[in-house]
Trainee: 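To start, I am sharing the structure in question, which I have written as structure tokens.
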2 protein chains.
Amino acid sequence: MLSPLRLEPAFAPPALPMAAASVIRYAAGEEIFAEGDTADLVYELVEGTVRTGRLLRDGRRQIDAFHFAGEAFGFEAGDVHRTTAEAVGEVAVRIVRRRALSDLAARDGDVARRLYQVTIAGLQRSQDHVLMLGRRSACERVAGLLLLLADRAGGSEIDLPMSRQDMADYLGLTIETVSRTLTQFSQEGLIALPTVRHVELLERDALEALCE
Amino acid sequence: MLSPLRLEPAFAPPALPMAAASVIRYAAGEEIFAEGDTADLVYELVEGTVRTGRLLRDGRRQIDAFHFAGEAFGFEAGDVHRTTAEAVGEVAVRIVRRRALSDLAARDGDVARRLYQVTIAGLQRSQDHVLMLGRRSACERVAGLLLLLADRAGGSEIDLPMSRQDMADYLGLTIETVSRTLTQFSQEGLIALPTVRHVELLERDALEALCE
DNA sequence: CGAGGAATTGAGCAATATCAAACCCAGTGG
DNA sequence: CCACTGGGTTTGATATTGCTCAATTCCTCG
């Protein structure tokens, strides 16, 4: 379901100029780029979690995607970022000049192909997201997110990198509904919630059934 | 807002083998490809409107996108279609072998670049859709769809190619809510609704304000 | 003119949002 | 060591939006 947007090994240090010098760290909550910024850089996430999303004027926020280590983000069709990217917790990113990358892609068909795959995988994730937001109930959405996070954690133990607010803004719900749904799952024995930021999936099948 | 997924002129007849022979017509409601079909063809819409979307087991449907003349659809990361494509009204599509296209892209960097642009534009449309479904009210969603359709009609007169059910399944609403919202807009003087399938935007600014 | 599907309208209901209060905990300073 | 503070989270009560179910109307086509 979740095809990771991995660019490596295309992005491994030797493959790109100035790779070593271009790793930058961000503190929790820091903005990496904002809606409207010129999009002359793309990013590869070395460590941590990043959220990309948009803000409506009245403060409503929608998170488009969470990005995890190894994934790339910040690609745009035009010359301006349409989303804002922020660090969720501590983050290290490798910065790549967009121009350098497109030059490389123009010379090397393999890089071009990988770039295309990354984008189309992002499109498919976004389509899954659309289905989730358009046609699923609060329970189904929360279950879907937990499964997605478990998939990439590679087990049934999840250390949530993000706050309830982040989860809500990804799922198109309120913080209260997310919280209630989690305690409901917990009471039903579907998950254990030893701490606020740690979830254990106890009945994966039941959660998957919610998402069918 | 709506970047059309145009492939022409890359796809103009001379650029592709067997272009003349590969135009196919579909009747209203006909399926062009289905979720799970092998994805060895891609499509360029010559005439009409196509909807792509997915169905949950219990019958809930979510339309990912409407495609209009000149746009391409049917691209997949894997070798299987993840969505179903159906004709909305009468449709003519040009069929292109995926293999032939990727070969062409491998030889011609310009084709590769265009392909990439098409995909990333689709991603951005999907992200707009996510924002719409996650954080907008019924009124805002309907207004958004009307503006999107007006944009591509190039005026304030819209001949709706799709049914209320299609609109609802795109917007993540029910048919009744779409209908009520349209009559509400009509009563408020924002639109005129001379027939069921024809809409005229009277107060474009007010509709845009709903979507800010 | 009649029939059938699509669209509209109405009434009541369920899911989720909103508003408000309580709680939990980590970090801080006494 | 312990009270205090403050942000994030949970819980509760109520409001609201959009859904469901049902009836009616409107077109389109025969």
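Each chain gets a letter, A, B and so on, in the order the sequences are listed, and its residues count up from 1.
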Trainee: Verify whether one side chain among B:Thr177 and B:Thr174 offers a donor that lies under 3.5 Å from an acceptor in the other.
Mentor: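 Their side chains do contain a donor-acceptor pair, which is all the 3.5 Å distance test asks for.
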Trainee: What one-letter contact string describes nucleotides 13-30 of chain D from 5' to 3', where B marks a base within less than 4.0 Å of any protein heavy atom, S marks contact via sugar-phosphate atoms alone, and - marks no contact?
Mentor: B----SSBB---------
Trainee: Send over the distance from A:Gln187 CD to D:dT10 P, rounded to a whole Å.
Mentor: 12 Å
Trainee: Would you say that B:Tyr26 contacts B:Ile32 through its side chain, given a criterion of any heavy-atom pair below 4.5 Å between the two side chains?
Mentor: yes
Trainee: Would you please say whether a donor-acceptor pair under 3.5 Å links the side chains of B:Glu157 and B:His198?
Mentor: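 Side chains of B:Glu157 and B:His198: pair found under 3.5 Å.
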Trainee: Distance-only, no hydrogens or angles: does the B:Arg51 side chain make a donor-acceptor pair with backbone N or O of B:Ile63 under 3.5 Å?
Mentor: no
Trainee: Are the side chains of A:Leu210 and A:Arg141 in touch, meaning some heavy atoms are under 4.5 Å apart?
Mentor: no
Trainee: Atom CZ of A:Arg60 to atom C1' of C:dT16: distance rounded to whole Å?
Mentor: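 My rounded result for the distance is 15 Å.
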Trainee: Would you mind reporting whether A:Leu41 and A:Arg98 have side-chain heavy atoms less than 4.5 Å apart?
Mentor: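 A side-chain contact is absent here, since even the closest heavy-atom pair is not under 4.5 Å.
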Trainee: Give the rounded distance in Å between these two atoms: CD of A:Gln184 and C1' of D:dT11.
Mentor: 14 Å
Trainee: Got A:Leu123 and A:Gln127 here, is their nearest side-chain heavy-atom distance under 4.5 Å?
Mentor: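 SC-SC contact between A:Leu123 and A:Gln127 confirmed.
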Trainee: Please report, rounded to the nearest Å, how far the C1' atom of D:dT10 is from the CZ atom of A:Phe185.
Mentor: 16 Å
Trainee: If we fit an axis to the first five pairs and another to the last five of the helix from C:dC1-D:dG30 to C:dG30-D:dC1, what angle do they make, to the nearest 10°?
Mentor: 20°
Trainee: Indicate yes or no: at least one non-hydrogen side-chain atom of A:Glu90 is less than 4.5 angstrom from one of A:Glu47.
Mentor: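 A side-chain contact under 4.5 Å is absent here.
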Trainee: Could you tell me the separation between the CZ atom of B:Arg197 and the C1' atom of C:dA6, rounded to a whole number of Å?
Mentor: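 After rounding, the reported distance stands at 9 Å.
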Trainee: With a 6.0 Å cut-off on ring centres, are B:Tyr116 and A:Tyr116 close enough?
Mentor: no
Trainee: side-chain hydrogen bond (donor to acceptor under 3.5 Å, both in side chains) for B:Gln124 and B:Asp128? Distances and angles first, verdict last.
Mentor: CA-CA 6 Å; B:Gln124 295 193 345; B:Asp128 289 341; over 6 Å; no
Trainee: Please list residues of residues 159-166 of chain B whose heavy atoms come under 4.0 Å from any atom in DNA chain C, ordered by number; otherwise none.
Mentor: B:Ser163, B:Arg164
Trainee: Would you kindly give the CG-to-P distance between A:Leu193 and D:dT10, to the nearest whole Å?
Mentor: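 It is 7 Å, rounded to the nearest whole Å.
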Trainee: Could you give the CG-to-C1' distance, from A:Asp58 to C:dT18, as a whole number of Å?
Mentor: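 A:Asp58 atom CG is separated from C:dT18 atom C1' by 14 Å.
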Trainee: Is there a donor in the side chain of B:Thr52 and an acceptor in the side chain of B:His67, or the other way round, less than 3.5 Å apart?
Mentor: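 Side chains of B:Thr52 and B:His67: pair found under 3.5 Å.
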